[in-house]
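Each chain gets a letter, A, B and so on, in the order its sequence line appears, and its residues count up from 1.
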Amino acid sequence: MSVLVRTLFFAAYRDRFGVSELSVDLPRGSTVADLVAELRGRGAPFDVLPEEPAVAVNQIYSFLDEPLMKGDEVAFIPPVAGG
Amino acid sequence: MSVLVRTLFFAAYRDRFGVSELSVDLPRGSTVADLVAELRGRGAPFDVLPEEPAVAVNQIYSFLDEPLMKGDEVAFIPPVAGG
Amino acid sequence: MVFAEVRSDPINAAGLLAKVGADEDGVALLFIGVVRDHAEGRRVEGMRYDVYAEMATEVLHKIALEASERLGTDRIAVVHRFGELEIGDVSVGIAVSSPHRAEAYGASRYMIEEIKRRLPVWKKEHYADGVSEWVEGTTPPGTGLDGSTHALPLADEGLA
Amino acid sequence: MVFAEVRSDPINAAGLLAKVGADEDGVALLFIGVVRDHAEGRRVEGMRYDVYAEMATEVLHKIALEASERLGTDRIAVVHRFGELEIGDVSVGIAVSSPHRAEAYGASRYMIEEIKRRLPVWKKEHYADGVSEWVEGTTPPGTGLDGSTHALPLADEGLA
């Protein structure tokens, strides 16, 4: 049993990874931290992801211990600079 | 020798006194305080002038000990309410 | 260049914004004072602003110059209206622009506070019951004997 | 009624003001953020704003609702633009109106500060020398392990 989540990359992340979106399969019970570890484990260029990046799960800012469900949208949020 | 000054009344003062402008003759060496005393001494309606009103001499806010010169414009300034 | 004006014609708020702004500015701020339909719980139907025009123009310009120090730019346009105004009419407009926002907010707020403190302008509210009264205001600083404020008996006697 | 929008089309600042205002309001305040020609001493020729559009719309609306509590009215219109912008283009517009000025200034300032703190928007500056770089931003609160901010190695590696 696994959980398929949709990850989104913006701005500097997207430029660096060359993709704006990625589907990632995770073991059931995984958290955002597990997703981060999975991505970083892929090596370059994903290993430049911080260990504790800012994320939004389903468009809500979340902590890294947030459990992930099937179909969740996890966005990696580089430091924001609006205004 | 006397000093002729031009006094201006605005807003509530003007409504109360029925005039917006008055020429007043004062002894040489008079100050704004002397002008106030002269006006208050005329009795109603001028006696409702406060003893220490806000004034502007030649369009600059002034204290009551300001000496007056011939031709000075002395405005009695009710509490302001712009904006 | 600082622009300060006291006028009886309507204020064009968008036009004020157009007077400020520069390529180096990151923000612009427009404050608008509007005649509202109530005051101290009473229904207001309109207002008359009286002004000591020559002095007010000078004072407004001085306030703008002071604000310019805070703003860090001279891109300021401020206009105060006088005469008969209706609900919704703009009585005062203040536009500023500067590279950064903190200065813009500070300078804008400074101007409206100083306008209320010392611009020689008075307003008479027209209430729904037909009565009109001068709004109780603020004694400008730097007046009187010692700069302190004084209760004006005129206000107490309900000079309307 | 609070209006919050993230859009790629130009922002009509005067139109924002027209969305607020009521007979009971004595003031309106319009804040405009504009693309300026310099940043940290470098000459800027333009800018690209990226946005997480669906989330940004939600966050912007939430910020406006929070500001509404401070303002005391729901007369707020806020728009953030994304896409390619030129010098002088409006990137953000915030209009509020309320009976009194202190609340208007407070709510307006609150919104721009919160927009900079947590709106999922990023800007890439185009410099005169042909280089483009993502502007170093702010890690939003309520993220990471404990809500603290973290230096992002990405920024240090000069990801442009």
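Contact annotation for D/L17: only side-chain heavy atoms (C-beta onward) come within less than 4.5 Å of a heavy atom of chain C. Using a 4.5 Å cut-off between heavy atoms, D/S97 makes no contact with chain C at all. Using a 4.5 Å cut-off between heavy atoms, D/D23 contacts chain C through both its backbone and its side chain. Only the side chain of D/I87 comes within contact range of chain C, judged by heavy atoms closer than 4.5 Å. With a threshold of 4.5 angstrom between heavy atoms, D/A104 does not approach chain C through any atom at all.
In terms of non-hydrogen atom pairs under 4.5 Å with chain C, the most contact-rich of D/P99, D/A14, D/G21, D/G88 is D/P99. Ranked by heavy-atom pairs shorter than 4.5 Å toward chain D, the options C/S91, C/A95, C/A102 are led by C/A102.
When every heavy atom of C/E24 is checked against every heavy atom of D/R36, the shortest pair comes out as O-CD, 3.5 Å.
Ring geometry, D/Y105 versus C/F31: the interplanar angle falls under 30°, so the pair is classed parallel (tilted spans 30 to 60°).
A salt bridge does not link D/K62 to D/E114: none of the charged nitrogens lies less than 4.0 Å from a carboxylate oxygen. Salt bridge absent: D/R117 and D/E113 never bring a charged side-chain N and a carboxylate O closer than 4.0 Å.
Other residues, nucleotides and ligands contribute over 12 non-hydrogen atoms within 6.0 Å of the CD atom of D/E5.
Of the listed residues (D/I76, D/L71, D/L60, D/L119), just one forms a side-chain contact (heavy atoms from CB on, under 4.5 Å) with D/M111, and that residue is D/I76.
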